[in-house]
Amino acid sequence: YGGGIMVGYHSAVIRNCLIRNNSLPDGSYYGGGLAINSATNVLVANCTIVSNYASANGGGLFFSNFSEDDPTNRVVNCLIVSNKCASSAYDNIFDFSTWGPPLKHPYAVGYSCSTSNNAFILDERGNTTNAPGFIDFEGGNYRVDAGSPCYNAGTNQAWMAGATDLDGRPRQDRFSRQVDMGAYEFSLGGALFFLK
């Protein structure tokens, strides 16, 4: 489990991380980028999880064994796209409970972007299945621009006041005070002038 990061039986806070190009070899199973298994009080916030691989399910993110509707486990404001797995259609996100109804964790992922075919990513909690519109995916620039569906589309959280993104830029847009999805915050170029 967990080619990039594995959280099991403990709490964790994972923020402003780029989790990419991790791979679980054939014979290993779940969560090429990130695996969360039998854990409580886990927050994954404003992360970009791309280009990871798992031989079974959840090329990007795998989670299982959360308590029913556990409010302490959350994946929020994340970009989970362009991941692959060999043996299933769940390239980006795999919730172990999808193997048997009902879906156990309908509130685990919110205000995030993924092309996953899991039903919970299609709900009304701010998630989108539209392409994130990276500035230069092939060149490794995983920032989004102002035309992206992920721009100013995250949900603000208390920890963001005064916080910075992975580049050291303010975590919230300086004009709208709204946060983007992903590890990077879009920043307008040029100079800012104030006239009196």
Side-chain angles (χ1 to χ4, degrees), residues 1-123 125 127-129 132 137 140 142 150 154 157 159 166 181-184:
Y1 296 87
I5 299 173
M6 165 64 180
V7 179
Y9 303 98
H10 294 284
S11 61
V13 175
I14 303 167
R15 291 182 186 148
N16 294 334
C17 292
L18 173 61
I19 303 171
R20 73 171 186 144
N21 292 342
N22 298 288
S23 180
L24 285 173
D26 291 343
S28 298
Y29 295 104
Y30 305 114
L34 170 62
I36 304 168
N37 186 36
S38 299
T40 58
N41 199 18
V42 175
L43 173 65
V44 182
N46 290 93
C47 292
T48 300
I49 303 173
V50 294
S51 301
N52 299 287
Y53 171 82
S55 64
N57 293 298
L61 167 66
F62 167 84
F63 58 93
S64 70
N65 299 333
F66 287 1
S67 299
E68 188 80 18
D69 299 330
D70 186 343
T72 66
N73 291 299
R74 289 287 183 267
V75 177
V76 64
N77 298 342
C78 291
L79 302 177
I80 309 167
V81 295
S82 298
N83 300 284
K84 297 292 180 194
C85 60
S87 65
S88 113
Y90 298 106
D91 284 335
N92 290 304
I93 301 173
F94 184 74
D95 171 3
F96 192 77
S97 70
T98 59
W99 280 352
L103 186 66
K104 290 184 180 178
H105 317 124
Y107 306 111
V109 178
Y111 297 92
S112 293
C113 174
S114 178
T115 55
S116 173
N117 57 354
N118 285 53
F120 61 79
I121 202 69
L122 300 173
D123 68 13
R125 287 172 300 106
N127 292 320
T128 180
T129 57
F137 179 81
Y142 303 112
C150 305
Q157 297 182 313
W159 66 269
L166 190 57
M181 295 177 185
Y184 302 99

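Quick note: residue numbers are just sequence positions, from 1.
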- Query: If you take all heavy atoms of Val42 and His10, which pair is closest and at what distance?
  - Reply: CG2-O, 3.9 Å
- Query: For Ala86 and Ser55, which heavy atoms make the closest approach, and how far apart are they?
  - Reply: CB-O, 3.7 Å
- Item | Spatial distance of atom OG1 (Thr48) from atom CG (Leu166) [nearest 0.5 Å] | 8.0 Å
- Let me see the working for Leu61 and Asn52 under side chain to side chain contact (heavy atoms under 4.5 Å, CB included), right down to the final yes or no. CA-CA 9 Å; Leu61 167 66; Asn52 299 287; over 6 Å; no
- Over all heavy atoms of both residues, which pair between Ala183 and Leu18 is shortest? Give the atoms and the distance, please. CB-N, 4.4 Å
- Task: Could you please spell out the steps behind the side chain to side chain contact (heavy atoms under 4.5 Å, CB included) verdict for Ile80 and Val75?
- Result: CA-CA 10 Å; Ile80 309 167; Val75 177; 4.1 Å; yes
- Point-to-point distance, once rounded to the nearest 0.5 Å, from CG of Asn92 to OG of Ser82: 7.0 Å
- Message: Show the nearest heavy-atom pair for residues Ser112 and Asn77, with the distance to one decimal.
- Response: OG-N, 3.3 Å
- Task: Would you please test Phe63 and Val7 for side chain to side chain contact (heavy atoms under 4.5 Å, CB included) and show each step?
- Result: CA-CA 9 Å; Phe63 58 93; Val7 179; over 6 Å; no
- Minimum heavy-atom distance between Ala54 and Asn57, given as atom pair plus value: CB-O, 4.1 Å
- CZ-CG distance between Arg15 and Leu43, expressed to the nearest 0.5 angstrom: 6.0 Å
- Task: Using distance alone, with no hydrogens and no angle criterion, decide if Asn16 and Asn46 have a side-chain donor and acceptor under 3.5 Å apart.
- Result: no
- Query: Can you tell me how far the CE atom of Met6 sits from the CZ atom of Phe62, to the nearest 0.5 Å?
  - Reply: 8.5 Å
- Task: Please work out which of the three classes, parallel, tilted or perpendicular, describes the rings of Phe137 and Tyr142, given edges at 30° and 60°.
- Result: perpendicular
- In Å and rounded to the nearest 0.5 Å, what is the CD1 to SG distance from Ile49 to Cys78? 5.5 Å
- Query: Between Asn83 and Ser51, what is the shortest heavy-atom contact and its length?
  - Reply: OD1-N, 3.2 Å
- How many angstroms lie between OH in Tyr1 and CD1 in Ile36, if you round to the nearest 0.5 Å? 13.5 Å
